[in-house]
Each structure stands twice: as C-alpha cells, then as structure tokens.
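Only one structure is covered here, and it is reproduced in the block below.
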Amino acid sequence: MKRDAIDRLLQLAYLEGAVRTRNAYERAALKRKPSVAVSEEKRLALQRKLEQAMGNQAVTEVRALTIGALLRRIRAEQSLRPPEVFSRLGLSSNHYQLLERDRISPPKISVDVWRRMRTLLNIPVEEFSEMVRRTHQLVFFRPAFRTTLARYDGKKNKAMKASTLEKATAELYAKAKLELPVDEKAKIEKLLKSIAAG
Amino acid sequence: MARIANRQVVQELKEGNRSGCAHLVGIYQGMLVNEAVTVFNLVQEDAEELVSDVLLTVVQRIHDFEFKKGDADFHAWVMTIFKNRVRDLARHQSLSEAVVQRFDERGDDGELSRSELEVIAAVVRQYQDSLRGDPQDNDVAGARLRIVAETLENMESWERVLLRCRALDVPYEDIASYTGKSVKQLKVYHARVKKKFVAMLTKGHPGLVEQLTERK
C-alpha cells in the first residue's frame, strides 16, 4: 500500500497511544495473508532460540527458591492479583512488591507476617527457613549483582540481552551461596528462630 | 500449518513444552514480519530481529499472561508487545534528523502539497523534542502527539475511523462495516479526508510551521 506523511504521522500517534483503533488493526493483522516470506532456516533458528530461552527459564525457576520466586510462582499459578496476597499477609503494597522481587531484607519484615505467610502457604518450617535464608543472601549480595550486570551490559548486542541477563543471574546466585558476615548471619538466625517458635 | 488454538499454545509454553515454541513461531513470525515490513515500513532484516525479540519476550513472560475475556486475549497481548517494540524503534529513529526530513519530503502518492508536508514535519519535530527529555519515559507518551488526537476528535466519527484504520492498512471492507459507509464511498473520500485533517491541523495550530521555519 502506498503511504504518505499523514499515514506515517497517524501510525506514530497509534504507536504512542495517542490514537486507538479499538482492536481493528489487531483483527486485520490476524486476517491478512503475509506477502513477505521468512525462510525456513530463519524460522528454525528462531524456534531454537525460543526453546533455549524456555530451557534457561526452567533452570532459573528451579534455582530460584527464594520467597520472591515462590510468591511470583504461586500468584501466576492461582491467577491472583497482588492485593489478594498482600492483604492476607498483612503487608503494605510497597513491602509486598519489594518482597516479590527479592528486594527487601527479611529481617525488615515483622515476624508475624512471616508466620502468617508460612501458615497460609503451608510450607514445612525447614523448607521455609531455607527460603528466607536464601532471600536474605540474595538481597545482601544484590549490589554485587548490579556490578556484574553492568559488566555484561557492556555488550550492546540486543540479541544477546537475554543470555546476558541469564549469565548475570547465574553469577548472582553463585554469589548468594557465599557465607554472610557474622552480624548478618546472627540477624537472620534470630528471625528464623522467632518464626519457628510461632 | 493448521491453526492451533491460542489456549493450547499458551498451555504448551507454560508447561515448558517445546512444541509451544514451534506453534508460536508458526503462527506469529510470518505475520509480524509482514506487519513490520508492509505496515510500518521496516527493512526485512530489522523486522525479523524485532519479531525475534517480541517472541522471546512472549516466551519469557508467558507466566504473567492470563486469559481474562477470551481466546483473543493472547493475540491482543502479543500485538501489544509487538506494538511496543515498534514504538521503541520509532522513538529511537525519531531522535535522528533524518526522520523529520523523511516527513518533510513528498509522500508516495504525491498528493500532499509542500505546505501540508511542512505542517506534518512540524508536528514530528515537536514529537522529536519531547523525546529528547527521556526517550523511555512512558508517562509523557500520552502528551506526545496529543495534537493529532485533538484534531481527529474534531472530525466526524467515520472520518476518524477511516484515517486511523487506513494508516494501519485495515481493509476498506472492515472499515465499511465499522462506519456504515460503502467501500466505494470510503475509497473516494479517503484522500479528501486526509486533506481535511491537515487543514484542521494547520488551522487549529497556526504557529506550527513558523516554529519549524525559525528552527531551520
């Protein structure tokens, strides 16, 4: 189709959300017969790339046994919205979002909330304690993660972004296995004892 | 390839089933590359890279996706990711001077006059200026190109639909069903409605072209 400056301007407005088509465009795209061919080789290459990404994701999910990862997984599985979870836990929206992204140190959240969470999710004490401990380690070592990520991010190739992030995450998790300083260790052990006592 | 139900593709992807990737690529790669090339005028190599990014995002975020209204939710979600990627690319390209020049030159059908092209180029220049603050700041996205939306609001409903939809290559037959006008009528009026749009844009914002001329 021939296109002029007005069409291109309207397209720009559509892309920026200033103009809407009430799904008319999306429906038309679905019905259109493609006039541009993509080679079989490229189709297979993309398929392999997606399968690899899917595999990496599965590895990350198994590895990510933190409270954040657990909450994200449960929410996805049960189609819950964040308010439905944080209201039951007695957490504020901000704290919950930080917790779900493993961005808040567990001792900063009250023991009552942890106990409520353990009861609600019905997780054995040992397993729950291990997850809290891991979350604490992850949060503690997160500044190092940023440095690692910045180092990987030096590669500007867009296609490598996903694998780059994966490598950085793997490094973070490797770092999270390191021993915590004594005072940090004491803090988390005190919290875990209080949770178990409830 | 026979059409696979969206729910099946989503389920396969969520379960980590590799055939989900094959189905996703089978349904969307060709379609999105075609859209990127024919509707948004991307070079095929760029289009293929962009679509690869879009489908990678779909696979990585599939666990965040839920059907809410019906089967079409998945298509709408994929198209939103695609639209956002094309928008990011458009923003990136808009930061270069070449884009304003492109809007300032004659269109493919050559029906626009020099003064009309200058008005369009002036709007694009404003958009470009707004991007210079922070290209990724979506909060100001609504404000960008508001001038276009305001002008469209002052037109008749069927004219608005015709302009918006034809810019995105929606077939006349579909537009006819949305507007109640005949295909023939729409084809005849399309060029006139475009002229009317530019005239309203110019009339409603008389300082536009002067600003651009001063900058030049």
Side-chain angles (χ1 to χ4, degrees), chain A residues 1-39 42-58 60-61 72-73 75-77 79 81 158-159 161-162 165, chain B residues 13 16 18 21-22 24-25 29-31 33-35 37-38 40-41 44 48-49 52-53 55-56 59-60 63-64 66 75-76 79 83 86-87 90 103 107-109 111-112 117 120-121 123-124 127 141-142 144-146 148-149 152 163-171 174 178 194 197-198:
Chain A
M1 182 205 164
K2 284 182 179 177
R3 238 164 255 296
D4 58 19
I6 300 176
D7 285 330
R8 292 201 292 263
L9 179 67
L10 288 164
Q11 279 189 357
L12 212 52
Y14 165 76
L15 292 171
E16 284 293 353
V19 160
R20 293 176 202 282
T21 64
R22 296 187 183 180
N23 282 336
Y25 167 61
E26 286 77 1
R27 280 195 293 271
L30 196 60
K31 283 192 273 179
R32 250 195 286 275
K33 281 185 184 166
S35 56
V36 180
V38 181
S39 69
K42 283 183 177 164
R43 192 183 68 76
L44 287 172
L46 178 57
Q47 200 176 310
R48 274 196 297 273
K49 189 176 168 186
L50 297 186
E51 284 172 1
Q52 198 182 350
M54 192 187 252
N56 288 345
Q57 210 176 16
T60 314
E61 280 299 301
R72 286 197 302 272
R73 194 183 296 172
R75 225 162 47 72
E77 279 169 6
S79 308
R81 288 165 52 244
K158 222 175 164 190
K161 232 174 176 179
L165 193 66
Chain B
L13 291 174
R18 285 169 178 243
C21 294
L24 184 71
V25 172
Q29 189 186 27
M31 180 205 295
V33 168
N34 185 60
E35 290 302 305
V37 172
T38 59
F40 296 105
N41 290 336
Q44 183 153 354
E48 283 169 2
E49 197 185 328
S52 158
D53 266 4
L55 298 185
L56 193 63
V59 169
Q60 286 169 341
H63 293 287
D64 299 333
E66 293 297 334
H75 176 66
M79 290 305 285
K83 179 182 153 186
V86 179
R87 181 202 60 201
F103 274 88
D108 293 338
D109 50 7
E111 283 185 2
L112 297 172
L117 288 167
I120 306 288
V123 178
V124 176
Y127 170 70
R144 291 170 190 153
L145 303 172
R146 190 182 286 151
V148 176
L152 284 172
L163 279 183
R164 288 168 183 166
C165 289
R166 280 312 292 161
L168 294 162
D169 222 359
V170 175
D174 291 4
Y178 303 140
K194 274 187 180 176
F197 170 72
V198 185

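Each chain gets a letter, A, B and so on, in the order the sequences are listed, and its residues count up from 1.
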**Request:** State, with a plain yes or no, whether a side-chain heavy atom of Leu55(B) is found less than 4.5 Å away from one of Leu46(A).
**Result:** yes
**Request:** Kindly determine whether Val19(A) and Leu152(B) satisfy side-chain contact (heavy atoms from CB on, under 4.5 Å), including the steps that lead there.
**Result:** CA-CA 9 Å; Val19(A) 160; Leu152(B) 284 172; 3.5 Å; yes
**Asked** If you measure from the Lys or Arg side-chain nitrogens to the Asp or Glu carboxylate oxygens, is any gap between Glu35(B) and Arg32(A) under 4.0 Å?
**Response** yes
**Message:** Would you compute the distance between atom CD of Glu51(A) and atom CZ of Arg18(B) and round it to the nearest 0.5 angstrom?
**Reply:** 5.0 Å
**Nearest heavy-atom neighbours spanning Ala13(A) and Val148(B)** = CB-CG1, 3.9 Å
**Prompt:** With distance as the sole test, does His75(B) use its side chain to make a donor-acceptor pair with the main-chain N or O of Glu26(A) at under 3.5 Å?
**Reply:** yes
**Request:** Give, as side chain, backbone, both or neither, the part of Arg20(A) having an atom under 4.5 angstrom from any heavy atom of chain B.
**Result:** backbone
**Request:** State, to 0.1 Å, how close Ser52(B) and Lys49(A) come at their nearest heavy-atom pair, and which atoms those are.
**Result:** OG-NZ, 2.7 Å
**Message:** Quick check for you: to the nearest 0.5 Å, what is the distance between Arg22(A) atom CZ and Tyr178(B) atom OH?
**Reply:** 11.5 Å
**Prompt:** Contact part of Lys33(A) toward chain B, heavy-atom cut-off under 4.5 Å: side chain, backbone, both or neither?
**Reply:** backbone
**Straight-line distance of Lys194(B) NZ to Leu10(A) CG, nearest 0.5 Å** = 8.5 Å
**Asked** Using non-hydrogen atoms only, which part of Ala45(A) is less than 4.5 Å away from chain B: side chain, backbone, both, or neither?
**Response** neither
**Complete:** Heaviest contributor of heavy-atom pairs below 4.5 Å to chain B, chosen from Arg75(A), Lys31(A), Gln47(A), Arg27(A), is Gln47(A)
**Message:** Please report the interatomic distance CG(Leu9(A)) to CG(Leu145(B)), rounded to the nearest 0.5 Å.
**Reply:** 6.5 Å
**Asked** Non-hydrogen atoms of chain A under 4.5 Å away: do they reach the side chain of Leu163(B), the backbone, both or neither?
**Response** both
**Prompt:** Can Tyr25(A) and Met79(B) be said to form a side-chain contact (heavy atoms from CB on, under 4.5 Å), step by step?
**Reply:** CA-CA 10 Å; Tyr25(A) 167 61; Met79(B) 290 305 285; 3.8 Å; yes
**Fill in**
Heavy atoms of Gly30(B) and Val38(A) approach each other most closely as CA-CG2, 4.3 Å
**Fill in**
Distance col, row Lys42(A):NZ vs Gln44(B):CD, nearest 0.5 angstrom, shows 6.0 Å
**Message:** Need one label for Leu13(B): side chain, backbone, both or neither, based on atoms under 4.5 Å from any heavy atom in chain A.
**Reply:** both
**Message:** Looking at chain A, which one of Val37(B), Asn34(B), Asp174(B) has the largest number of heavy-atom pairs inside 4.5 Å, strictly under?
**Reply:** Asn34(B)
**Message:** In terms of relative ring orientation, are Phe40(B) and Tyr14(A) parallel, tilted or perpendicular, with 30° and 60° separating the classes?
**Reply:** parallel
**Prompt:** Are any of the side-chain heavy atoms of Pro34(A) and Val33(B) separated by less than 4.5 Å?
**Reply:** no
**Request:** State, yes or no, whether a side-chain contact exists between Ile120(B) and Arg8(A) at a heavy-atom distance under 4.5 Å.
**Result:** no
**Atom pair CZ (Arg164(B)) and CD (Gln11(A)), whose distance is rounded to the nearest 0.5 Å** = 14.5 Å
